Amino acid sequence: MAENIIALVILAFVSLIMIIIGVSQIKSKEPVGFYTGEKPPAKEMLLDVALWNKKHGYMWIIYGLVIIGSFIVCSFIKQEVIASIIPFCVIVGALPIMMLYHSHLKKKYYK
């Protein structure tokens with residue numbers, strides 16, 4: 001039981017960080033980047049800065065909700081190994097999907 005509470009607190013904290021990133025991107029007036037290693041595009045390079053930021057922000061909010069959702073689903077699974085593997089797969093597996101979505105947004109919103 002204590003392990004579940006500790007895991008919930010950690011995943012809730014990580015999820016909250018992702019959601020905060022998303023909200024800050026949605027509210028940003030300047031173009032946002034996908035991750036810290038990538039320089040955000042200049043305003044002049046984008047067709048619609050607000051929509052670019054909104055799409056990226058929603059992506060991060062959904063990622064945060066998926067992380068916490070995976071924990072909730074796994075809290076009903078009695079097999080500890082499976083309940084541990086599922087959140088890991090969700091967290092790691094979502095990253096390539098997010099990268100593909102970012103590439104899609106680049107094609108759609110770059111001039």
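From a predicted model like this one, the values you see are computed outputs, not experimental measurements.
- Within a 6.0 Å sphere centred on NZ of Lys39, other residues, nucleotides and ligands contribute 12 heavy atoms or fewer.
- Residues passing the salt bridge (charged side-chain N to carboxylate O under 4.0 Å, His left out) test with Lys27: none are found, sequence neighbours excluded.
- Rounded to the nearest 0.5 Å, atoms CD1 (Ile10) and CZ (Phe71) are 10.0 Å apart.
- Applying the ring-ring contact (aromatic ring centres under 6.0 Å, His included) criterion to Tyr109, with sequence neighbours excluded, gives no partner residue.
- Cluster partners of Val92 are Phe88, counting Ile, Leu, Val, Met, Phe, Trp and Tyr whose side-chain heavy atoms approach within less than 4.5 Å, directly or via other members.
- The hydrophobic side chain of Val73 is isolated, with no ILVMFWY side chain under 4.5 Å apart from it.
- When ring centroids are compared, His56 and Trp52 come within the 6.0 Å threshold.
- Apart from Ile85 itself, the hydrophobic cluster it occupies contains Val81, where clustering links Ile, Leu, Val, Met, Phe, Trp and Tyr at side-chain heavy-atom distances under 4.5 Å.
- Atoms CG and CG, on Leu100 and Leu95 in that order, are 11.0 Å from each other to the nearest 0.5 Å.
- Among residue pairs with one or both ends in residues 71-86, none qualify as side chain to side chain donor-acceptor pair (under 3.5 Å); sequence neighbours excluded.
- Under the salt bridge (charged side-chain N to carboxylate O under 4.0 Å, His left out) criterion, Lys108 pairs with no residue, sequence neighbours left out.
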Practice task
Evaluate the side chain to side chain contact (heavy atoms under 4.5 Å, CB included) criterion for residues Ile91 and Leu11: first the C-alpha distance (whole Å), next the side-chain angles of each, then the deciding distance (0.1 Å), finally the verdict.
Solution key: CA-CA 10 Å; Ile91 291 168; Leu11 288 175; 3.9 Å; yes

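- Taking Glu38 as the reference, Lys106 meet the salt bridge (charged side-chain N to carboxylate O under 4.0 Å, His left out) condition, with sequence neighbours excluded.
- A heavy-atom distance below 4.5 Å is found between the side chains of Trp60 and Phe34.
- For Ala2, there are no side-chain contact (heavy atoms from CB on, under 4.5 Å) partners at least two apart in sequence or on another chain.
- Not counting sequence neighbours, Tyr58 has no partner by the ring-ring contact (aromatic ring centres under 6.0 Å, His included) test.
- The other members of the hydrophobic cluster of Leu16, by chain and number, are Ile20 (side-chain heavy atoms under 4.5 Å, ILVMFWY only).
- The side-chain contact (heavy atoms from CB on, under 4.5 Å) check on Pro40 picks up nothing, with sequence neighbours excluded.
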